[in-house]
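To start, the structure under review is shown below, and the notes come after it.
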Amino acid sequence: MTGPRRDPDLVRAYVRTGGRTRATRHLDLVTVIVAADTAMQGGSPDARRIFALCRNALSLAEIAAHLDLPPSVVKILVADLLDSGHLITRTPEHTLPDVSLLEEVLNGLRALAV
């Protein structure tokens, strides 16, 4: 009789992130990531795979799906590549606030200060 089997993904996720449980930046699943115009020298196999995937802009959720990794692990790996300058984020234009809304907020804040 054999002992209970362990899920190898639990160990791999811990090893892939170097034991870290939090990314160095706040990233959402819809954050759009794209490879920077730099060359990727060295790096872990996961980092090289993410860099290659991001030649075309992908959301963090799409990267996790392509790699079949938990999004929490991918957030940490992507944050590392953002910190090293190998990846950049793109803010979708539809998420930027309208200038008129910003002006209304500013006017409201000025009215509160009086």
- Who are the side chain to side chain donor-acceptor pair (under 3.5 Å) partners of S84, not counting sequence neighbours?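 Only H86 meet the side chain to side chain donor-acceptor pair (under 3.5 Å) criterion with S84.
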- OG1 on T38 to CG on L87, rounded to 0.5 Å: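 Interatomic distance, L87 CG to T38 OG1, rounded to 0.5 Å: 8.0 Å.
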Listing, residues 51-59 side-chain donor-acceptor contacts under 3.5 Å, not counting sequence neighbours, or none:
residue: S59; atom: OG; partner: E62; partner atom: N; Å: 3.1
residue: S59; atom: OG; partner: E62; partner atom: OE1; Å: 3.3

- Task: State, to 0.1 Å, how close A79 and T24 come at their nearest heavy-atom pair, and which atoms those are.
- Result: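 Closest pair (atom of A79, atom of T24, distance): CB-OG1, 3.6 Å.
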- Task: Taking all non-hydrogen atoms of both residues into account, name the closest pair between A36 and G85 and its distance.
- Result: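 For A36 versus G85, the nearest heavy atoms are CB-O, 3.3 Å.
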- Message: Would you say that L67 contacts D46 through its side chain, given a criterion of any heavy-atom pair below 4.5 Å between the two side chains?
- Response: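 Not touching, per the 4.5 Å side-chain cut-off.
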I'd like a table of donor-acceptor pairs (distance under 3.5 Å, sequence neighbours excluded) in which one partner is a side-chain atom from residues 103-114, with atom names and distances.
residue: N107; atom: ND2; partner: E103; partner atom: O; Å: 3.3

- Would you sort out whether R25 and D83 count as a side-chain contact (heavy atoms from CB on, under 4.5 Å), showing the intermediate values? CA-CA 9 Å; R25 321 167 161 237; D83 292 343; 2.8 Å; yes
Give every donor-acceptor pair under 3.5 Å between a side-chain atom in residues 26-35 and any protein atom, sequence neighbours left out.
residue: H26; atom: NE2; partner: D28; partner atom: OD1; Å: 3.1
residue: T31; atom: OG1; partner: D28; partner atom: N; Å: 2.9
residue: T31; atom: OG1; partner: D28; partner atom: O; Å: 3.0

- Which ILVMFWY residues can you reach from I76 by hopping between side chains whose heavy atoms are under 4.5 Å apart?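 Reading the cluster by chain and number, I76 sits alone, since nothing else belongs.
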- Task: Please name all residues satisfying salt bridge (charged side-chain N to carboxylate O under 4.0 Å, His left out) with R48, sequence neighbours left out, ordered by chain then number.
- Result: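 R48: no salt bridge (charged side-chain N to carboxylate O under 4.0 Å, His left out) contacts found.
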